[in-house]
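FYI, side chains are in, hydrogens and waters are out, and symmetry mates aren't considered; it's all heavy atoms of this structure. These numbers come from a predicted model, not from an experiment.
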Amino acid sequence: MTKALGLLLVFSGCLLAGWGRALSLEREVKKAALWRDLLRQFQVCLETTRAAPGEIIRMLAKETAFTEDEGVRAMAAAFRQSGSFAGAVRAALGDQSRPGAVERTLLSLGDVVGIKPLEEQLAALSGAGLLLEQEWERARERSRRYGGLSRRLGLLLGLLAVVVLA
C-alpha cells in the first residue's frame, strides 16, 4: 500500500511538472499580449488626447481588459506616487533579477515616455509595440510547440518512473 502511494506521488509529481511548464508558457503568451495591447491603447490615447501619461495609465487600468492584471494596477498606483513612467514600469514588473524581453522593452520606454517630445514618445511606443508583437508571436509559437510536448513528457516520465520503481 505504501509503495503504491509512493508510486502515485512520483507519477503525479512528474505529470504536474509537465503541466506546470506548459501553463508557464501560456502565461508568457498572455503577458506579452496584455502589455502589447496596453501599449497600443496607450499610444492611441497619447496621440489623440495628448493627456499626461499618468492620466492615460489610470484610465486604461479601469478598462475591463486590464482590470484583472496586477501589473497594470501596480503601474497606475505607482504613477500616482512617483509620476514617472520609468518608476511605474519598475513597480509594475516588481523585483526581477533577470527581466525577459517584455520587461526589457517596457523598461526601455522609461527614458522616453513623459520626458521627450510627443513625436519621440510616439515613435518609441510604436517601436516597443512592434517588439512586443514579435515577442507575443515567439511566445505563442513556443507555447504551441513546447506546451503539448511538456505535458506529454511529464506523463511519459511519470510512467517511466513508475515502471522503473515498481
Would a hydrophobic clustering, with Ile, Leu, Val, Met, Phe, Trp and Tyr connected at side-chain separations under 4.5 Å, put [X] with [Y]?
{"X": "Leu157", "Y": "Leu9", "value": "no"}
{"X": "Leu60", "Y": "Leu132", "value": "yes"}
{"X": "Val162", "Y": "Leu15", "value": "yes"}
{"X": "Met59", "Y": "Leu125", "value": "no"}
{"X": "Leu23", "Y": "Val102", "value": "no"}

Could you tell me the separation between the [atom1] atom of [X] and the [atom2] atom of [Y], rounded to the nearest 0.5 Å?
{"X": "Ser108", "Y": "Leu131", "atom1": "OG", "atom2": "CG", "result": "7.5 Å"}
{"X": "Gln41", "Y": "Ile57", "atom1": "CD", "atom2": "CD1", "result": "10.0 Å"}
{"X": "Leu160", "Y": "Leu165", "atom1": "CG", "atom2": "CG", "result": "9.0 Å"}
{"X": "Tyr146", "Y": "Leu25", "atom1": "OH", "atom2": "CG", "result": "10.0 Å"}
{"X": "Thr105", "Y": "Leu39", "atom1": "OG1", "atom2": "CG", "result": "8.5 Å"}
{"X": "Ser150", "Y": "Arg145", "atom1": "OG", "atom2": "CZ", "result": "12.5 Å"}

Side-chain donor/acceptor of [X] to backbone N/O of [Y], under 3.5 Å:
{"X": "Ser126", "Y": "Leu122", "result": "no"}
{"X": "Gln121", "Y": "Val113", "result": "no"}
{"X": "Glu103", "Y": "Gly100", "result": "yes"}

For a 4.5 angstrom cut-off between non-hydrogen side-chain atoms, does [X] reach [Y]?
{"X": "Leu46", "Y": "Gln43", "result": "no"}
{"X": "Val89", "Y": "Trp35", "result": "no"}
{"X": "Leu149", "Y": "Arg152", "result": "yes"}

Please test Lys31 against Glu28 for salt bridge (Lys or Arg N to Asp or Glu O under 4.0 Å), starting from the C-alpha separation and ending with a verdict.
CA-CA 5 Å; Lys31 179 178 70 171; Glu28 288 178 21; over 6 Å; no
If I compare all heavy atoms of [X] with all of [Y], which pair ends up nearest, and what's the gap?
{"X": "Glu26", "Y": "Ser143", "result": "CG-OG, 3.6 Å"}
{"X": "Ala161", "Y": "Val10", "result": "CB-CG1, 3.5 Å"}
{"X": "Leu38", "Y": "Met75", "result": "CD2-SD, 4.4 Å"}
{"X": "Ala78", "Y": "Gly87", "result": "CB-O, 4.2 Å"}
{"X": "Cys45", "Y": "Ile56", "result": "CB-CG2, 3.7 Å"}
{"X": "Gly147", "Y": "Ala22", "result": "O-CB, 3.4 Å"}

Is it true that Glu141 and Arg144 have a side-chain N and a carboxylate O under 4.0 angstrom from each other?
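Here Glu141 pairs with Arg144 in a salt bridge, since their nearest N and O are under 4.0 Å apart.
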May I ask you to decide whether Glu135 forms a salt bridge with Arg142, counting only side-chain N to carboxylate O separations under 4.0 Å?
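So Glu135 pairs with Arg142 through a salt bridge.
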